[in-house]
Amino acid sequence: MQDLIDELGRMPGVGPKSAQRITFHLLKLPREDALKLATAIIEVKDKVTFCERCFNVSEGPLCGICTDERRDTHVVCVVEEPRDIVAVEKTHEYRGSYHVLQGAISPIEGIGPEQLKVKELLGRLDPEGVTEVILCTNPNIEGEATAMYLARLLKPLGIKITRIASGLPVGGDLEYADELTLGRALEGRREVE
Amino acid sequence: MFLRHLWLTDFRNYATAELAPATGLTAIVGDNGEGKTNLLEAIGYLATLSSFRGAPGDALLRSGCERAIVRAEVDNDGRVASVEAELHAIGRDRVLVNRQPLRRSRDLLGTVRTTVFSPDDLALVKGGPAERRRLLDDTLVACAVKHDALRADVDRVLRQRTTLLKQAGGRLTADIEATLEVWDAKLADAGERLGDARDELATRLAPSTAAAYDAVAPRPARVGLRYEAPWRDEGLATALAKARADDVRRSVSTVGPHRDELALSVGGLPARTHASQGEQRSLALALRLATHEVVGESAGSPPVLLLDDVFSELDGFRSAALLRSLPAGQALLTTAGALPPGAVPELLVRVQGGTIVP
């Protein structure tokens, strides 16, 4: 039992107390329900790999987005993690392809450009006829640094490089916006046409 | 702003406690180790979400307790708000304003403002440059909360940059160089902004410190205060580029706001090495009084003054002079001995073994 608590405790966002709670919950569960969870974990580990082209999670050599012929391959949206694709997809605003870096530059965590899928991104540009790269990394120190690194790397290749805007949540009140976000929103203001 | 009411639960040696400080001076008396400073520390915690004694979060919980609560009713120009911090032994601390939890605890900063005088203040003058940089940065955050994020950004970029330099191990490969350039650009951007803010603050502090020094010191002297950042003339980007070879060789960041100094002088000589013990003490008091004034001006009303056992360290002249120089507003002082002459508290409370006796 302690083994299970320890294993669960290693999951992101799960502390020792939650791990204990989940373990006791699993103990109470009927055997088949617990097995369903175990099987799902095994299946996901066996079947799901990373897409060979964009490094999104995938059940085959290529992910669902890379095999979708309706997607525009001339635009690549670069994100840090596969879960960021889910977030962007939810907007239904984007019809291009993706590239997952699988992290952001952070020497503290031992991650440099070599540990990220940067070379793979460069390798895609020519064969896929990419005309625009959207830098969609997180708006924190490491995400911004990664975006700047990529921008400097890609600029000389004559491709249009864009960075997602940062600003105010829609439907919110200016009054409740934090100073930093509001400051950024002011910085990135646009002329009204 | 002033504090109307303070409630503690399982904070330090208090199981429960309640205090309604006077709008003027409140004196907290009691023997050593009974919990006088803990009351000031609790108020300070609401201001900065950290202990002014530098104690780690779990030290603030009463021993054996899983949760401590500090709650206060704060009056900001007639607008009353309830502020509450929940400290947890395990898991994240929580902050509530008017019973609504804040999404980020840091959003609380600026709601409660305090100026803390403590016997350790002498380190502001005698200690290393880091003490004085912290004074500048803390004052900047108290003046405008956005500086908290700026300070955090500079720290984070510096840690990343220095870690990268360590990984380089003295050799600058093309890969490392490309990444280093990115961190340099980030450091230049955030560092310039922090340097500008500190320099502007030092300029504002200089006349206030000089005036406060003459008020608290037995003998007036010419007091100087200047922010020294050698890179500011040429710009941080250029300075970093120049220092790169050296930085790579030594695996440290040799230039930037983390190496700057707030230079203090008395009578034209460096205060740290040349001033007498008495002059240093007067200068430390003057610095605190000056930050109190500047933060008060920025925020529109003076912070709450927390005087932690300062009078035990001061001679009769400086005690009386400090009391005379304290600006109007709410103040709480602690003392183990007798009240300093000239202190006329509106409220006097006695603290004994973690209880407040009126």
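Convention: sequence-line order gives letters A, B, ...; per-chain numbering from 1. Every heavy atom of this structure was used, including side-chain atoms; hydrogens, water molecules and symmetry mates were not.
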To the nearest 0.5 Å, what is the distance between CD (A/E142) and CH2 (B/W183)? 5.0 Å

Heavy atom to heavy atom, less than 4.5 Å: which residues from residues 68-85 of chain B reach chain A? none

Closest non-hydrogen atom pair between A/P107 and B/Q160, with its separation: CD-OE1, 2.7 Å

Tell me if the CD atom of A/Q115 is crowded by more than 12 foreign heavy atoms within 6.0 Å. yes

Exceeds 12 heavy-atom contacts within 6.0 angstrom, atom NZ of B/K146: no

I need the B/L158 CG to A/I141 CD1 distance, nearest 0.5 Å. 10.0 Å

To the closest 0.5 Å, what do you measure between CG (B/D189) and CE (A/M148)? 7.5 Å

Are more than 12 heavy atoms, taken from residues, nucleotides or ligands other than A/R95, located less than 6.0 Å from that residue's CZ atom? yes

Separation between OG of A/S106 and CZ of B/R159, rounded to the nearest 0.5 Å: 8.5 Å

Can you tell me if CZ on B/R193 sees more than 12 non-hydrogen neighbours from other groups inside 6.0 Å? yes

Considering all heavy atoms, the nearest A/R152-B/V182 contact: NH1-N, 4.3 Å

Where does B/I90 contact chain A at under 4.5 Å (heavy atoms): side chain, backbone, both or neither? side chain

In terms of heavy-atom pairs under 4.5 Å with chain A, which of B/R161, B/R104, B/K166 leads? B/R104

Flag yes if more than 12 heavy atoms outside A/D126 fall under 6.0 Å of its CG atom; otherwise flag no. no

Heavy-atom distance under 4.5 Å between the side chains of B/D175 and A/P113, does that happen here? no

Under 4.5 Å from any heavy atom of chain B, what part of A/E114 do you find: side chain, backbone, both or neither? side chain

Using a strict cut-off of less than 4.0 Å between a Lys/Arg side-chain nitrogen and an Asp/Glu carboxylate oxygen, indicate whether A/K17 and B/E66 qualify as a salt bridge. yes

Below 4.5 Å from any heavy atom of chain A, which atoms of B/A178 appear? Answer side chain, backbone, both or neither. both

